[in-house]
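Notes follow the structure.
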Amino acid sequence: MAGTAHIIREILNSTGAIIPETVIALMIPFILLADLFIFRKQKFFFTIIMLFGLAVTSWFLFVEAGWAGGEKYTGAFSGMIRIDGIALVFKILFVLSGFLFVFLSLVESKPGKFHSEAEYFIIFLGILLGAMLMVMSSSLMMVYISIELVSLSSYMLSVFNFDRKSVESGLKYILFGAVSSAFMLYGISLLYGFTGTLNIFSGEFIDKIIAVPPFPAFMALMMIFSGLLFKMAVVPFHIWTPDVYEGAPVSLIAFFSIVPKLAGLVIFGRLFYLLNSLPGNIEWVTVFGFLAIITMFIGNLAALRQNDPKRMMAYSSIAHSGYLMVGIIAMNILGLQSVAIHAFVYLVMNFLVFLIIEILTPPRGPASIPEYSGWFRHVPVLAVLLLVGFISLTGLPPTGGFTSKMMLFSSAWYSYAEGENKIMLWLIILGLLNTVISLFYYLRIPYYMIFREATNAPIQVPPQRNGFIGLGIFLAALIIIVFIKPDWLADMLNSLNFTYPEITE
């Protein structure tokens with residue numbers, strides 16, 4: 001009884017650490033009941049409910065961060081989750097992407113199809129909840145449970161267009177996801193057998209994994225990394241990405257390209273930090289440095305051949321997974337901060353591009369890249385906004401994409417200067433080469449819009465989408481502000497003690 005009472009007290013004392021997640025979880029049954037009994041004929045109210053719920057979640061995140069006088073938590077639920085600066089920053093990014101997702105769902109090419117569906121938002125909240133739990137996970141079992149929550153919700157939403165293309169791509173997504181999840185679970189079971197614990201921040205986990213022979217430890221860890229790399233769309237776990245992006249709703253694509261990727265990146269970074277501090281002969285920096293280079297090349301080279309903007313952005317997201325890995329592999333505070341800043345900039349510029357592409361989508365369906373010819377004369381403001389987004393994705397001034405990429409490659413240079421690991425030098429050289437390659441496909445749509453003569457009827461933007469041009473202007477301004485004054489993001493990260501946590505005994 002005493003043990004049970006202790007467990008109950010531990011649970012009750014830990015509930016304050018998951019208030020933002022509790023708000024997200026409570027929104028799910030509330031929207032479901034509202035759909036059944038209240039808003040059956042006025043389903044637009046689901047959008048208002050979502051925005052209100054995300055606003056409440058944001059407030060509790062500020063409280064959690066100590067910005068509104070709240071208490072700061074470090075660990076909860078007997079070490080299952082851990083709240084630190086890394087978790088807080090990425091949870092804030094996830095909620096921000098949730099706001100943008102709701103707005104973008106209102107601009108879908110089939111008006112009323114998504115923002116009026118309660119199921120669409122309910123399943124989306126499952127992804128958001130799972131991602132927030134992922135970045136707080138300090139137990140490998142919690143990592144697996146939260147990944148599965150994200151995965152199962154993603155599988156369902158990827159077929160929400162309910163057409164042949166989305167069903168086919170969703171089936172591929174499920175098959176690849178199931179295999180990667182099976183490998184990950186088997187790797188976790190092996191590590192538990194080796195160490196007797198699932199808490200990756202415990203001294204016991206570190207001490208016992210050192211005693212494991214290199215080969216079985218390497219195989220178990222690579223099985224775990226396979227699940228994380230699948231979420232990050234890193235080569236060779238990227239096959240599902242183009243088909244899912246082509247078949248899924250645009251609002252979901254923009255969300256897919258950010259949140260699951262960043263959630264997997266956080267867990268990848270935590271494990272990589274631990275492994276790099278272990279004695280042994282496994283060169284983890286070389287292994288993942290090579291993967292980052294291959295990911296950048298395959299993503300950028302494949303994007304050169306695409307005529308579908310959604311597939312082009314899919315390969316772009318693969319390449320950006322490689323860029324984000326550079327900051328993790330650098331293993332210094334600049335690298336860690338550059339990952340967070342690039343994640344924020346990537347979130348903003350990605351949503352900007354998808355927003356403008358969706359506003360410009362004709363009623364008949366998505367346009368191919370050559371069909372954008374001559375549209376600058378008809379929609380100059382939208383063309384300029386799209387150009388800002390693509391320039392930032394390339395990494396050119398005067399945009400935040402230049403600032404964040406410069407920080408990523410600077411962290412790699414500092415890492416090379418300190419350790420003289422040649423893979424870091426290759427990451428810099430080949431990463432910059434990939435930036436040049438990406439210039440050719442990112443600027444294809446602006447080139448067709450500005451310099452080519454129109455080959456079809458003038459584009460007519462539906463009146464209901466004109467109201468979202470202001471959101472595009474705001475996102476573009478934010479991208480330029482990050483270039484002009486990037487220190488405000490760095491100051492915020494420093495105020496949250498944005499660094500890897502210490503190992504506990």
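Everything quoted here is computed from the prediction, not taken from an experiment.
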Donor-acceptor pairs under 3.5 angstrom involving side-chain atoms of residues 478-485: please list them, not counting sequence neighbours.
{"from": "Lys485", "atom 1": "NZ", "to": "Asp487", "atom 2": "OD2", "distance (Å)": "3.3"}

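Scored by the side chain to side chain donor-acceptor pair (under 3.5 Å) test, Lys405 finds no partners at all (sequence neighbours excluded). For Tyr447, the ring-ring contact (aromatic ring centres under 6.0 Å, His included) criterion is met by Phe451, not counting sequence neighbours. Checked against side chain to side chain contact (heavy atoms under 4.5 Å, CB included), Leu175 has the following partners two or more places apart in sequence or in another chain: Leu171. Partners of Arg444 by salt bridge (charged side-chain N to carboxylate O under 4.0 Å, His left out), not counting sequence neighbours: none found. Partners of Ala330 by side chain to side chain contact (heavy atoms under 4.5 Å, CB included), not counting sequence neighbours, listed by chain and number: Asn332, Ser411, Ser415, Met424.
No side-chain heavy atom of Ser438 sits under 4.5 Å from any side-chain heavy atom of Met296. Side-chain contact check for Tyr346 versus Leu93: every heavy-atom pair is 4.5 Å or farther apart.
Counted by atom type alone, Ser316 and Tyr442 present one or more donor-acceptor pairs between their side chains at under 3.5 Å.
For the pairing with Val326, the side-chain contact (heavy atoms from CB on, under 4.5 Å) check across Leu427, Val339, Ile293 returns one residue only, Leu427.
Atoms CZ and CG, from Phe272 and Leu228 in turn, are 13.0 Å apart once rounded to the nearest 0.5 Å.
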Could you walk me through whether Ser151 and Lys231 pass the side chain to side chain donor-acceptor pair (under 3.5 Å) check? CA-CA 8 Å; Ser151 298; Lys231 281 293 157 209; 3.1 Å; yes
